[in-house]
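Keep in mind it's a predicted model, so treat the numbers as computed, not measured. When a ligand or atom number is given, it counts from 1 through the structure's own listing order.
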Amino acid sequence: MAKLIFLGTGTSDGIPQIGCKCSVCKSKDKKDKRLRTSILIKTGDGNIVIDSGIDFRQQALQNNIKSIEAVLFTHYHTDHIEGITELRPLSRFPGKTIPCMGNKKTIREIKKRFNYIFSPLQKGGGLPQIKLSKIKNDIVIFNKKIIPLPVKHGILPILGFRFGNLAYITDASLIPESTMEKLNNLDILIINALRPHPHPTHFSFDEAVSIAKNICAKKTYFIHMNHAVSHKQFLKMLPVNMKPAYDGLELDFSW
Ligand SMILES: [Zn+2]
Ligand SMILES: [Zn+2]
Ligand SMILES: [Zn+2]
């Protein structure tokens with residue numbers, strides 16, 4: 001068994017959005033406070049994080065994360081990688097290098113944007129100790145398999161991941177047929193749903209629900225929402241086996 005914790009379920013601005021006076025941003029419901037989208041997978045052997053975005057420090061403190069054995073990146077947008085800097089305290093222990101994985105474009109962009117880590121001007125100051133590697137095939141961590149799920153985010157090729165009977169896809173606007181074939185027999189599907197009206201690079205609510213119906217997991221949870229609709233309003237719009245995720249929600253699954 002493994003445990004999944006939603007560290008964040010919001011789109012790139014987070015909710016509340018700075019300066020916004022809408023009813024969702026002003027909502028008192030805790031489920032309407034959304035940090036940037038990220039999950040923690042906890043197993044008896046250690047922890048894996050998918051995406052360390054801008055809110056990673058806050059998320060790690062709130063969830064008492066003391067160790068990370070690997071970070072998997074879905075893609076290189078700021079809301080998904082900016083927390084690389086915050087991996088420093090988790091790699092400070094002697095010899096602790098955190099493996100960080102992503103597709104070719106993600107690794108290339110991380111090397112460019114975090115140049116200070118890979119080509120330091122001088123010794124001292126302390127740097128996050130991370131080891132980048134490109135995901136080409138299935139990944140094995142803790143002797144268990146993770147299947148990469150190539151999807152499209154507008155024109156950008158990005159990755160989702162399947163752990164046993166759980167699949168995690170964020171920021172997608174298209175799932176190719178070859179990936180749909182890898183999404184059979186799921187207990188849990190986690191997939192992005194930005195807002196009610198269409199968007200060029202993210203699934204809208206209707207698109208996400210219709211894809212989730214096709215995939216037909218026992219339960220579906222939506223992530224990466226913006227402030228157009230509250231948690232309660234979105235829940236009312238969904239079939240019984242589908243729910244909006246919220247920050248702090250925990251799920252047990254077999255992996
Ligand atoms: Zn995003
Ligand atoms: Zn708002
Ligand atoms: Zn993105």
Side-chain angles (χ1 to χ4, degrees), residues 6-40 49-59 71-86 100-110 112-114 135 148-161 167-176 179 189-205 207-208 211 221-234 244-247:
F6 290 90
L7 301 179
T9 55
T11 191
S12 51
D13 280 323
I15 302 176
Q17 194 178 305
I18 295 173
C20 185
K21 294 186 174 70
C22 80
S23 61
V24 178
C25 287
K26 288 196 303 185
S27 164
K28 297 266 187 290
D29 186 346
K30 274 189 185 162
K31 292 177 182 170
D32 288 328
K33 310 286 176 216
R34 299 187 186 278
L35 298 177
R36 275 48 163 246
T37 287
S38 169
I39 56 166
L40 171 69
V49 165
I50 301 190
D51 291 333
S52 61
I54 307 167
D55 297 316
F56 183 73
R57 177 176 177 275
Q58 189 181 345
Q59 292 165 324
V71 184
L72 306 180
F73 289 103
T74 58
H75 65 301
Y76 61 73
H77 285 159
T78 301
D79 51 326
H80 298 262
I81 67 164
E82 206 55 37
I84 285 177
T85 296
E86 307 292 0
C100 291
M101 298 167 224
N103 68 11
K104 202 167 126 187
K105 280 182 190 288
T106 302
I107 297 300
R108 197 173 56 201
E109 192 67 21
I110 288 175
K112 221 192 309 176
R113 281 207 235 164
F114 295 88
I135 296 170
L149 304 168
V151 296
K152 284 286 181 69
H153 180 16
I155 58 164
L156 186 68
I158 69 168
L159 292 177
F161 299 99
Y168 178 86
I169 292 171
T170 189
D171 288 60
S173 54
L174 182 120
I175 303 181
T179 294
L189 170 69
I190 297 162
I191 191 161
N192 60 293
L194 184 72
R195 63 185 190 190
H197 52 293
H199 186 277
T201 62
H202 295 264
F203 288 135
S204 65
F205 287 1
E207 288 165 338
I211 280 158
Y221 293 88
F222 297 105
I223 52 169
H224 212 283
M225 280 76 76
N226 80 358
H227 59 162
V229 170
S230 72
H231 175 89
K232 271 191 193 143
Q233 290 166 325
F234 191 16
Y246 54 87
D247 293 19

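The name of the N, O or S atom in D79 nearest to the Zn ion (ligand 1) is OD2. Distances from the Zn ion (ligand 2) to the N/O/S atoms of H227 are shortest for ND1.
The Zn ion (ligand 3) lies under 2.8 Å from an N, O or S atom belonging to D171. At least one N/O/S atom of H75, from backbone or side chain, sits under 2.8 Å from the Zn ion (ligand 3).
The OG1 atom of T201 sits 7.5 Å away from atom NE2 of H77, with the distance rounded to the nearest 0.5 Å. Put simply, OG on S38 and OH on Y168 are 6.0 Å apart, with the number rounded to the nearest 0.5 Å.
Taking the side chain as every heavy atom from C-beta outward, D51 and T37 never approach each other to under 4.5 Å. The shortest side-chain heavy-atom distance between R36 and T78 does not fall under the 4.5 Å cut-off.
For the pair NE2 of H153 and ND1 of H77, the angle at the Zn ion (ligand 3) is about 90°; rounding is to 10 degrees. Angle SG(C25) to the Zn ion (ligand 2) to SG(C22), rounded to 10°: 110°. With the Zn ion (ligand 1) at the apex, H224 NE2 and H80 NE2 define an angle of roughly 110° (rounded to 10 degrees).
H80 and D171 are linked by a side-chain donor-acceptor pair at a separation below 3.5 angstrom, with hydrogens and angles left out of the test. H224 and T11 share a donor-acceptor pair across their side chains, judged by distance under 3.5 Å alone.
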